Each structure stands twice: as structure tokens, then as C-alpha cells.
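Just below is one structure, and these are the notes that go with it.
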Amino acid sequence: GRVITPKFGVISRSEKKFLSTHRVFRDSVEVFGFNERWNPYMPFSCKCAINQSKTKVAIGMTYLPQINILDVESGDVKCFRIENSPEERLTKSIVYYGSIQCDDKLIYALYQNLNSNMSSPDDYHKYQSELHIFNWNGELIEKWKLDRFYNSISVDDGKIYGFRTYDGTIDEYLL
């Protein structure tokens, strides 16, 4: 087995200095063996969005069922694992968060729960994405079951747009 302890590093580009590190895993250290599905970049894969006031960053983990919230001013990172989510194992090759957007009030995360080892894009019709809406305290306040799979989302003026890159479709939902 191999022990993986990935962390977030906070770096100030304006001051050109390293500020702090924070653990990625909310639970204990991950231990697993190598197999053909393991990719060394998997623990670090994430989608990020900064709020309008540029004070917080929402981070959706691609291969873990959790979001992280970075306070830009203090450098603190808080991790929130989705309640009742499956056990955290990087060798499962499940894509959890595929896209994340936010504003100053809420975080909008596209939860895919998708097997990343699909054989073809035709398999996407078997999946339905969810929209998870969090407040900045990391509390899941709404969960929407979407009627199809989306690769990414965008939020603008009270609307959510779902993008399906495999067939070029954009769908609109009212918030």
C-alpha cells in the first residue's frame, strides 16, 4: 500500500510567498495499493470558483464526495463530506463533483456520481446529475435531481445553465 496525504497549499502571488497548508481529506489518511485505475493526480483533482467579493473559494473534489471552502483572507480551509456518502476510496474511479459555481450567498455544485471508466459517450444517458446548493458554512441546503447528465454548470442572474458537451446542448433552470 501507499499512504497519500494530499494538502492544499495557499500561496500569495502578490507577496510571492507560501502562506499555509491544509489537509484535503476530512477523515484519516488514505491507504491503498496501486492498480491500473489509480492516477497520481486523482487526489488533487478539483473544480474551484471564487465568490463575487473575492473572499472565499468553493472547491468541489472530483474523486471525493466533499466540498472545501477556503477563506482567502485567513487561509483556512474547511472540508465538508457529503452526509451518507460512500466510503472514500480513490480506486473506485467515481467522479463526484464535475463543476462548481458560487456567488456571495451560495455555492452551486454539480454532483455527477459518475463512473469515470465508461466505455463511450453514449453511456451518459444512463446518468442524471444533481445540483447541490450549499451555504458558505458548508451546509447542504438544497438538492435538485436534474433530468439528465451535465458536464458543467454556469450560474447567472437567477438561472442555472447545464452544459452537455457530448451533444452540444445547453439547458436553463430557474433558481
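As the structure is a prediction and not an experimental result, all values here were calculated from the model.
Interatomic distance, CD1 of Ile100 versus CG of Asn68, reported as 8.5 Å (0.5 Å rounding). One finds the OG1 atom of Thr62 at 11.0 Å from the CG atom of Leu114 (value rounded to the nearest 0.5 Å). For the atom pair CZ (Phe80) and CZ (Phe134), the distance works out to 9.5 Å, reported to the nearest 0.5 Å. Going from atom CD1 of Ile107 over to atom CD1 of Ile59 covers 9.5 Å, rounded to the nearest 0.5 Å. Rounded to the nearest 0.5 angstrom, Asp147 CG and Ser129 OG are separated by 10.0 Å. For the atom pair NZ of Lys56 and CG of Asp76, the computed distance is 10.0 Å after rounding to the nearest 0.5 Å.
Contacts of Asp156 classified as salt bridge (charged side-chain N to carboxylate O under 4.0 Å, His left out), with partners at least two apart in sequence or in another chain: none. When the side chain to side chain contact (heavy atoms under 4.5 Å, CB included) test is applied to Lys16, no partner is found at least two apart in sequence or on another chain. In terms of the salt bridge (charged side-chain N to carboxylate O under 4.0 Å, His left out) criterion, residue partners of Glu172 (sequence neighbours excluded) are, by chain and number, Lys159. The side chain to side chain donor-acceptor pair (under 3.5 Å) check on Asn137 picks up nothing, with sequence neighbours excluded. With sequence neighbours left out, Gln52 forms a side chain to side chain donor-acceptor pair (under 3.5 Å) with no residue at all. For Lys54, the salt bridge (charged side-chain N to carboxylate O under 4.0 Å, His left out) test picks out no residue, with sequence neighbours left out. Every residue two or more places apart in sequence or in another chain that forms a side chain to side chain contact (heavy atoms under 4.5 Å, CB included) with Ser53 is listed here: Asn51, Thr55, Asp104. Take Thr169 and apply the side chain to side chain contact (heavy atoms under 4.5 Å, CB included) test, not counting sequence neighbours, and it matches Arg164, Asp167, Asp171. Checked against side chain to side chain donor-acceptor pair (under 3.5 Å), Lys105 has no partners two or more places apart in sequence or in another chain. In this structure, the side chain to side chain contact (heavy atoms under 4.5 Å, CB included) partners of Lys143, at least two apart in sequence or on a different chain, are Glu130, His132, Leu140.
In this structure, the side chains of Tyr127 and Asn113 stay at 4.5 Å or more apart for every pair of heavy atoms. At least one side-chain heavy atom of Arg81 sits under 4.5 Å from a side-chain heavy atom of Pro65.
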| Derivation of the side chain to side chain contact (heavy atoms under 4.5 Å, CB included) call for Ser154 and Gln101 | CA-CA 6 Å; Ser154 183; Gln101 296 281 299; 4.1 Å; yes
| task | Go through Phe149 and Gln128 one step at a time and tell me if the side chain to side chain contact (heavy atoms under 4.5 Å, CB included) criterion holds. | result | CA-CA 4 Å; Phe149 175 83; Gln128 288 180 281; over 6 Å; no
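Of all the heavy atoms in Gly98 and Lys47, the pair that sits closest is O-CE, 3.3 Å. Of all the heavy atoms in Tyr63 and Ile94, the pair that sits closest is CD2-O, 3.3 Å.
Within the hydrophobic cluster formed by Ile, Leu, Val, Met, Phe, Trp and Tyr side chains joined at under 4.5 Å, directly or through other members, Tyr161 is accompanied by Phe163, Ile170. Side-chain heavy-atom separations under 4.5 angstrom define the hydrophobic clusters, and the remaining members of the one that includes Ile133 are Leu106, Tyr108, Leu110, Leu131, Ile141, Trp144, Leu146, Tyr150, Ile153, Val155, Ile160, Tyr173, Leu175.
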